[in-house]
Participant: 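I'd like to ask you about the structure that follows.
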2 protein chains.
Amino acid sequence: MNIGEIARRAGVSRSTVSYVLSGKRPVSEATRRRIQAVIDESDYRPNANARALKEGRTRTLGLVIPPASQRLTDMQLGFVASVVEAAARVDLDVLLSPSGGDHDRSFERIVTGRRVDGVILMEIRLEDDRVTRLRRTGLPFVTIGRTARPGGTSWVDVDYAGLITRCVHHLADLGHRNVALVNRSAELVAAGYGPGHRALAGFAAAVRERDLTGLDVCCGDDAAAGEACVEELLAAHPAVTAVATVNEAALPGMRRALDAAGLVVPRDFSITGVVARHWAEDFRPPLTAADVPMLEMGTEAVSLLVQSIAAGETAARHRLYSPPISLRASTGPAPAR
Amino acid sequence: MNIGEIARRAGVSRSTVSYVLSGKRPVSEATRRRIQAVIDESDYRPNANARALKEGRTRTLGLVIPPASQRLTDMQLGFVASVVEAAARVDLDVLLSPSGGDHDRSFERIVTGRRVDGVILMEIRLEDDRVTRLRRTGLPFVTIGRTARPGGTSWVDVDYAGLITRCVHHLADLGHRNVALVNRSAELVAAGYGPGHRALAGFAAAVRERDLTGLDVCCGDDAAAGEACVEELLAAHPAVTAVATVNEAALPGMRRALDAAGLVVPRDFSITGVVARHWAEDFRPPLTAADVPMLEMGTEAVSLLVQSIAAGETAARHRLYSPPISLRASTGPAPAR
DNA sequence: TTGTAAGCGTTATCAC
DNA sequence: GTGATAACGCTTACAA
């Protein structure tokens with residue numbers, strides 16, 4: 001079923017059918033209705049590819065996600081879901097590309113094959129091949145996260161450095177003198193993953209400022225790693241009385257290690273950090289933490305991208321989220337040890 | 001940059017360029033190299049839409065996911081990830097459509113707009129508009145989950161009924177006489193969601209067969225709901241000594257409610273069910289459960305779809321997964337109460 | 001071994 | 001108010 005067939009059945013030309021579909025020029029009520037009837041009964045819908053070819057735009061967004069082999073974190077998933085939802089609201093489809101590096105065939109297809117009008121990139125590294133690549137092609141894109149020098153690009157990000165700094169200050173205010181940062185995985189940090197580095201920077205700054213003893217450890221993105229990590233931490237550094245973390249997936253394991261050590265939160269040990277809200281709320285006791293607003297961020301990313309596509313290379317815009325730290329019940333005065 | 005431009009720069013015709021790209025007819029080594037050089041230096045890649053238009057296929061799969069507004073469960077996410085990954089391995093892109101009903105614009109675009117060569121559907125209901133719709137259009141599709149009468153369609157599914165039956169038998173063998181089923185949310189079940197109904201059927205069958213007292217409750221897909229659900233269960237039916245569940249997201253909450261009631265697992269209370277492996281392993285104590293093989297299922301779904309696209313409407317194939325119940329540590333002899 | 005040209009299903013420019 | 005017709009960028013008979 002194509003537009004020509006509709007035209008034939010309605011006894012008009014193809015252009016007329018096209019115009020009733022787009023409304024881009026007036027069509028007499030009589031023929032309009034006749035054509036519409038034929039369209040309805042044959043539930044015809046224009047071929048999206050032909051339209052894309054002619055119009056030069058695909059009404060599709062590309063979303064580059066980390067290779068699925070490494071299980072996505074809840075936060076990543078939250079971004080994916082909110083991007084897809086926001087795109088659907090403005091009638092845009094989303095093409096997924098699971099690609100780590102720049103050489104990925106999937107990434108290539110999407111970017112240079114002109115399958116999309118713009119791209120949203122996740123899991124940005126401080127130095128990121130994909131953004132340099134995208135910059136060269138001129139394809140509009142926005143990143144969730146940002147590179148070391150994001151000038152000239154559109155992005156949304158969480159202010160991990162500032163947030164972790166505030167977490168540490170909060171702990172210091174409560175009298176903690178020995179604090180630790182539970183970061184993301186060592187590989188991620190080694191690869192120059194932005195949040196990992198910025199969290200570390202924020203942590204170091206606050207520790208220095210408040211003259212604390214600070215320790216930072218990397219930790220895999222899962223419960224088992226969190227458990228091992230806190231076990232070791234407790235064994236090797238018994239003076240530590242509080243941790244700040246950016247690793248939500250490790251939280252259940254951290255909890256278990258604390259239990260096993262007979263430590264009760266927050267009486268004996270405080271925990272805080274920056275994680276997705278439901279992780280904070282599901283923690284026992286509920287976690288004092290900055291809640292990453294994934295939904296808003298995904299929505300905003302789509303909005304920035306749409307603007308950027310429409311405007312064609314105008315001023316890059318960005319938005320740094322610094323959500324308040326919700327005081328819940330996982331932090332308390334430092335124990336007298 | 002298009003194929004004509006490449007041809008011009010290399011001093012050949014467009015068809016020759018096309019043929020070095022596709023390899024569908026021999027090209028002399030000399031011109032082949034010359035053309036390839038031009039292609040490389042201008043990093044040209046054919047316009048995917050033009051190609052799709054001409055070839056009549058898009059090399060793209062559609063994946064219909066539940067509307068993202070309701071947070072996806074880990075299991076759903078696991079399917080998405082494995083489908084995307086499996087598709088990427090065979091150079092297929094994945095277009096996401098967050099649609100619940102049949103009327104969704106996004107669903108319409110993808111299905112009737114011929115944006116994809118085939119569709120994978122998730123969250124299948126016993127009576128599902130989308131599959132009847134898809135059946136009519138003739139677009140190849142496979143479902144993850146199955147309708148009440150799935151004959152003639154391709155699908156992969158988990159044998160919830162059989163698995164829950166086996167869970168209950170296991171509990172009965174341990175001496176439990178009062179058991180409960182913690183199902184998915186009431187809305188889902190009311191909407192005719194397959195796994196909910198089949199789990200219930202399997203539960204009822206086993207309870208009857210073993211002459212137990214069985215109770216089934218619906219429970220929202222999150223920790224808070226799980227907590228509330230088990231609290232009520234314990235209060236209203238103190239005789240219950242074991243539950244089987246298909247609601248992994250509720251697990252952490254169920255755990256908390258048990259803790260709060262001072263019940264230790266498995267001494268005082270047994271839990272089993274069918275969930276994704278990492279949920280089972282992260283449970284304390286590790287959950288005796290059938291592990292849903294999401295990765296294999298997603299991969300298999302893609303494979304079935306690819307076959308179905310290639311074969312054009314041949315025999316529908318399907319695969320019902322019935323993974324073994326991994327004996328871990330959450331079930332034990334019924335307590336003498 | 002290579003080139004010419006038709007056509008995939010649209011949209012949009014020009015005529016009438 | 002409506003109809004031819006030329007693109008959009010590609011693939012693939014058919015010719016040479």
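Letters go in sequence order (proteins before strands), and every chain restarts at 1. When reading the values below, keep in mind they use all heavy atoms of this one structure, side chains included, and skip hydrogens, waters and symmetry mates.
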Participant: Could you give the CZ-to-P distance, from R115(B) to dT10(C), as a whole number of Å?
Facilitator: 14 Å

Participant: Between atom CD in E5(A) and atom P in dC8(C), what is the gap in whole Å?
Facilitator: 13 Å

Participant: Would you say S13(A) reaches dT2(D)'s phosphate, i.e. side-chain N/O to OP1/OP2 under 4.0 Å?
Facilitator: no

Participant: For the pair R146(A) (side chain) and G194(A) (backbone), establish whether a donor and an acceptor sit closer than 3.5 Å, ignoring hydrogens and angles.
Facilitator: no

Participant: Decide salt bridge (Lys or Arg N to Asp or Glu O under 4.0 Å) for D91(B) and R109(A); before the verdict, give the C-alpha distance in whole Å, the side-chain angles of both, and the deciding distance to 0.1 Å.
Facilitator: CA-CA 9 Å; D91(B) 285 334; R109(A) 275 200 308 271; 3.1 Å; yes

Participant: For the side chain of S28(A), starting at C-beta, report the closest nucleotide among dC10(D), dT5(D), dT2(D).
Facilitator: dT2(D)

Participant: Would you say dA12(C) has OP1 or OP2 under 4.0 Å from some side-chain N or O of K54(A)?
Facilitator: no

Participant: Between P on dT2(D) and CZ on R33(A), what's the gap in Å once rounded to a whole number?
Facilitator: 13 Å

Participant: Rounded to the nearest angstrom, tell me the gap between atom CD1 in I6(A) and atom C1' in dT11(C).
Facilitator: 16 Å

Participant: Think N47(B) has a side-chain N or O under 4.0 angstrom from the OP1 or OP2 of dG9(D)?
Facilitator: no

Participant: Output the rounded distance in Å from CE (M1(B)) to P (dG9(D)).
Facilitator: 11 Å

Participant: Could you check R25(B) against E55(B) and say which one's nearest nucleotide on DNA chain D is further toward the 5' end?
Facilitator: E55(B)

Participant: S18(A) side chain N/O closer than 4.0 Å to the phosphate oxygens (OP1, OP2) of dT10(C)?
Facilitator: no

Participant: Does S15(B) make a side-chain N or O approach to OP1 or OP2 of dT11(D) shorter than 4.0 Å?
Facilitator: no

Participant: Specify the separation, in whole Å, of atom OH of Y19(B) and atom P of dA13(D).
Facilitator: 7 Å

Participant: When the distance from CG of L53(B) to P of dT11(D) is rounded to whole Å, what number comes out?
Facilitator: 11 Å

Participant: Checking R319(B) side chain against V156(B) main chain: does a donor-acceptor pair fall under 3.5 Å?
Facilitator: no

Participant: Could you state the atom-to-atom distance from CZ of R59(B) to C1' of dC10(D) in whole Å?
Facilitator: 12 Å

Participant: Give a yes/no answer on whether the side chain of Y44(B) brings an N or O atom under 4.0 Å of OP1 or OP2 in dG9(D).
Facilitator: no

Participant: Are side-chain N/O atoms of R115(B) and T60(A) paired as donor and acceptor at under 3.5 Å?
Facilitator: yes

Participant: Can you check side chain to side chain contact (heavy atoms under 4.5 Å, CB included) on R57(A) and I309(A), steps first, answer last?
Facilitator: CA-CA 10 Å; R57(A) 61 176 187 156; I309(A) 290 170; over 6 Å; no

Participant: Regarding S22(A), tell me which of base, sugar-phosphate or nothing describes its non-hydrogen contacts under 4.0 Å with the strands shown.
Facilitator: nothing

